[in-house]
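Computed from heavy atoms alone, side chains included, the values below leave out hydrogens, waters and symmetry copies. Whatever order the structure lists them in is the order used to number ligands and atoms, beginning at 1.
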Amino acid sequence: MGSYHALDKVLVYFFVVVCALQQCLATGVETDQTALLVVNASEGLGRPIPNTLFGLFFEEINHAGTGGLWAELVNNRGFEAGGQNAPSNINPWSVIGDESSLLVSTDRSSCFERNKIALRMEALCDSEGPKECPSGGVGIYNPGFWGMNIEKGKTYKVVMYVRSLGSIDISVSLASSNGSQLLTTTNIIVDASKVSKWKKMEVLLEAKETNSNSRLQLTTTRKGVIWFDQVSLMPLDTYKGHGFRKDLVEMLAKLQPRFVRFPGGCFVEGEWLRNAFRWKETVGPWEERPGHFGDVWKYWTDDGLGYFEFLQLAEDLGAFPIWVFNNGISHNDEVDPSKIQPFVQEALDGIEFAIGDTNSKWGSVRASMGHPEPFDLRYVAVGNEDCWKKNYRGNYLKFYDAIKNAYPDIKIISNCDGSSQKLDHPADMYDFHVYTSADKMFSMAHQFDGTSRDPDGPKAFVSEYAVTGKDAGSGSLLAALAEAGFLIGLERNSDVVEMASYAPLLVNTNDRRWMPDAIVFDSSQLDAIVFDSSQLYGTPSFWMQQFFAASSGATVLDTNLKTNSPNSVIASAVTWQNSEDNTNHLRIKIVNFGSSPVKLKISVDGLASNSINLSGSSKTVLTSTGSSKTVLTSSNVMDENSFNEPKKVVPIQSGLGITGENLDFVLSPHSFTSFDLLRERINLRSKETAGSSLISSI
Ligand code: AHR
């Protein structure tokens, strides 16, 4: 950080008088806790923050993708759940009708080579005669992921593969969970000659009613044998038409993420290598993907959300994709470096898929999926949390050499922590994960203060951080405050920290494998973000991250905090430009981690007088409202949001609330405050002529 230039010192709103802090502060609040924050905003003295500082880590955990971000409504669409490595099953598909009227089984007659299982359904009843079918027919239904949310007026696309020994008459319906209410239905009637071989069928269904606990039904009243395979139901309206659940991606977009790390986490590793995420199994036409059982988080995924879709998601969010690939190591087995070459080739092929020419083998597969332009893949991570494993270094070096040789510009991220000692292997970045208590997290604001400043050394990627355990519950204000303090430390150390992301990002409450998470949802899909809804909310940690959304690519300023609460108050200041209207802002963020109010005085040096537009400036506080109303009634640090009270802990924006020129405030106990000062387009003192004339303009 540059040194303070005395001549540049121009007080914006007040003059710092020489007196004891307490005497200076005339706020009327009873507290001994005081803080004076001096921000040096002198032109040219700040340090640029990496463009990539804050982003997202998306892991397929908690049904975050399958039954979550990926808008597919059918669960186990190919009847393959369990996959090749365990006995497959058709769960949660169920039967409509009894054994006297219907026989359902699976066989390996599918037309898709990598997922051979198909469902065979034999209707024993008929539309007339001695064994007449029930009026609603017999068949199968899929309840989706804990019920499908079907909304009146919306259109849904059904795609399925069908074969039969005779002509067919199938009702395709969306119905309530017990089938009593039909939301929409259509009939597919086809001659035997047209379905004697597998045939792809598509229908559009417009829902006439809303029901958040619906199911897809395939029924018939005609005797005969029908095979089904790869049955899909998607809403037509998805984020940018790319198959992502709109309400959830809109929440992600609110954080203005600069990168998306995917697809895990432990999901990448697997308990066993045979169940790890292997990208080649997840690309190409969705019907042909085998799917796999993620044995760490213990659920099946059809891999509709595959490698291509992750790259697409990052692109749709305007973020860099960061691909974490399996390095031949799972939780329980490891490939020896002498045998790692197939994994190395798989990683090289994956990079080619993302950025290769359309004439290349894998680039052409990408193009065939509708994306001839390369994706902007610049970073890959070799494994996840494997540094301590026997074969990590041996394998890592093989990946490193091969990737640098083929793609010298790709940045490679090691699993080994380089924050306190030098890495013993080459890397562009190193992963740093922390899950800890609130106190520890807050104190870790200084984790990177002592890190080597070697300009050629690897940078830190704090790719997973969160307060966990009793301090966090399922997402407390306390956790968010501690994390805010930690991120303020990262901002200030952003010369050595290049990226940071919270973990985990999403949880479907029907399968909570990890607590807390940033965004909580259930299976309902909403038109747009509705924070009063019972289906989706951000935890305090989500809202905390929004305070940092403008920081990536901003300029961090030198600050000096004088306080008698040095262990519970931390602050940073950044200047940034709003790219939409080119307005310039000074954002001062400060956490009061203590249980007493703090009288705060802010002094901004280095700006010309009148350079802040007071009416355009604001203050935002992350604190507990004590209820779902917007009135502040209490501040219980363990308060959480919930489906019933989604806005209990949220940022509350107000005017600065100052009358004169003095930036005097009171920080509530347990609060995170951002002071957003709008800078006027006025002249600044140039360094050369400081103290004499105003010449340069911002
Ligand atoms: O974020 C949850 C898990 O925590 C990740 O899968 C893993 O990388 C870490 O241990």
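Two rings, from Y299 and H63, have their centers less than 6.0 Å apart. Residues Y430 and F461 keep their aromatic ring centres 6.0 Å or farther apart.
Every residue meeting the salt bridge (Lys or Arg N to Asp or Glu O under 4.0 Å) condition with R114, not counting sequence neighbours, appears here in chain and number order: E281.
Ligand 1 lies under 4.0 Å from heavy atoms of E59, G265, C266, W297, N384, E385, Y435, E464, A503, P504, W514.
Applying the salt bridge (charged side-chain N to carboxylate O under 4.0 Å, His left out) test to residues at least two apart or on different chains, none of the pairs has a partner in residues 480-489. Applying the salt bridge (charged side-chain N to carboxylate O under 4.0 Å, His left out) rule to pairs touching residues 312-341 yields nothing, sequence neighbours excluded.
Considering F262, F277, F293 as possible partners of F267, the one that fulfils the ring-ring contact (aromatic ring centres under 6.0 Å, His included) test is F277.
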